[in-house]
Protein chains: 2
Amino acid sequence: MSVIGGKWKVLILWALDERRCRFGELRRLLPGITEKVLASHLRELEEDGIVHREVFDEVPPRVEYSLTGPGIALNAALAPLSAWGREHVLGGAAH
Amino acid sequence: MSVIGGKWKVLILWALDERRCRFGELRRLLPGITEKVLASHLRELEEDGIVHREVFDEVPPRVEYSLTGPGIALNAALAPLSAWGREHVLGGAAH
DNA sequence: CGGTATCCCACGAGATACTG
DNA sequence: CAGTATCTCGTGGGATACCG
């Protein structure tokens, strides 16, 4: 739970499940998140071995985030929980 | 996430997965939890339709908590996440 | 036995400004 | 572009005491 405990963490994971993203892309994909929170969540996910951070030494600077193997597995493990939420929290009629 | 967001909530769910429990039993099954937190978590789980609270009008008073249908389904949906944690957070060697 | 009622505090997260 | 640096505030959770 501590791994996915941040307010925006699963949303970050789902965004990265589609494709690898740059910092600014993630910020745009997650309306309302602040740079500070996005940065700290990415740091924690990196420390937990969930996301990989790749720095390209270019101008302008480019940093790309992607899921690691365990990160992909974590997203798969979250799928049933997500399905449960759609079924029981969101309208049980609107599935 | 808000449904299972409390610090002790999944532990409560797992305790109730075995069998229905009384308040004091849960307190003993969860060393370190305070009565206030246990009570508030149970109230929230009840409001979310996860646990059922049954009051028996006896002396001494008796209250039993059990999982509802959605609660049982939630526990099942948590199983893959639990397995992921055992595999990747706890020792990947010690499975 | 099964809880409330208070008080308290750390920490997560938002707002805002700034930088290499 | 990809972040830091501060500051602030609400709230989740802990400690303790009390109650029908």
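Keep in mind that the numbers below use all heavy atoms, side chains included, and drop hydrogens, waters and symmetry copies. Below, read A as the first sequence line, B as the second, and so on, with proteins coming before strands; counting in each chain starts at 1.
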Given 3.5 Å as the limit, does a donor-acceptor pair link the side chain of [X] with the main chain of [Y], or not?
X	Y	answer
Glu18(A)	Ala15(A)	no
Trp84(B)	Pro70(A)	yes
Thr68(A)	Gly49(A)	yes

In whole Å, I'd like the distance from the [atom1] atom of [X] to the [atom2] atom of [N].
X	N	atom1	atom2	value
Leu45(B)	dG12(D)	CG	C1'	15 Å
Arg43(A)	dA2(D)	CZ	C1'	9 Å
Glu58(A)	dA2(D)	CD	P	10 Å
Phe56(A)	dA2(D)	CZ	P	11 Å
Lys9(B)	dG13(D)	NZ	C1'	12 Å
Leu11(B)	dG13(D)	CG	P	12 Å
Leu38(A)	dC1(D)	CG	C1'	13 Å

Fill in the blank from the handout: Between Pro61(A) and Gly32(A), whichever has its closest DNA chain C nucleotide further toward 5' is Gly32(A)

Exercise for the section: For dG12(D), take OP1 and OP2 only and decide whether either is under 4.0 Å from a side-chain N or O of His41(B). Expected result: no

Practice task
Using heavy atoms and a sub-4.0 Å distance, could you list which residues of residues 17-31 of chain A are near DNA chain C? By number, please.
Solution key: none

Problem - Salt-bridge present (Arg53(B), Glu64(B); N to O < 4.0 Å) - result: no

Practice task
Answer yes when Arg62(A) and Glu54(A) have at least one side-chain N-carboxylate O distance shorter than 4.0 Å, and no when they do not.
Solution key: no

Fill in the blank from the handout: Only one of Ile50(B), Leu45(B), Asp17(B) passes side-chain contact (heavy atoms from CB on, under 4.5 Å) with Ile12(B), and that residue is Leu45(B)

Completion exercise
So the contacted stretch of DNA chain C, first to last nucleotide with an atom under 4.0 Å from a non-hydrogen atom of chain B, runs from dC1(C) to dC7(C)

Handout entry: Ser66(B) vs Val51(B) side-chain heavy atoms within contact, under 4.5 Å
Key = no

Problem - Under 3.5 Å donor-acceptor pair, Lys36(B) side-chain atoms to dG13(D) base atoms - result: yes

Exercise for the section: Could you go through the side chain to side chain contact (heavy atoms under 4.5 Å, CB included) check for Met1(B) and Ile4(A) one step at a time? Expected result: CA-CA 9 Å; Met1(B) 293 305 298; Ile4(A) 59 169; 4.0 Å; yes

Practice task
I would like to know whether Arg19(B) and Glu25(B) meet side chain to side chain contact (heavy atoms under 4.5 Å, CB included); could you show each step before the answer?
Solution key: CA-CA 11 Å; Arg19(B) 55 178 178 80; Glu25(B) 288 179 303; 3.3 Å; yes

Handout entry: Closest to the Trp8(B) side chain, choosing from dG14(D), dG3(D), dC1(D)
Key = dG14(D)

Exercise for the section: Let me know, please, whether Glu44(B) or Glu35(B) comes out on the 5' side of the other along DNA chain D by nearest nucleotide. Expected result: Glu44(B)

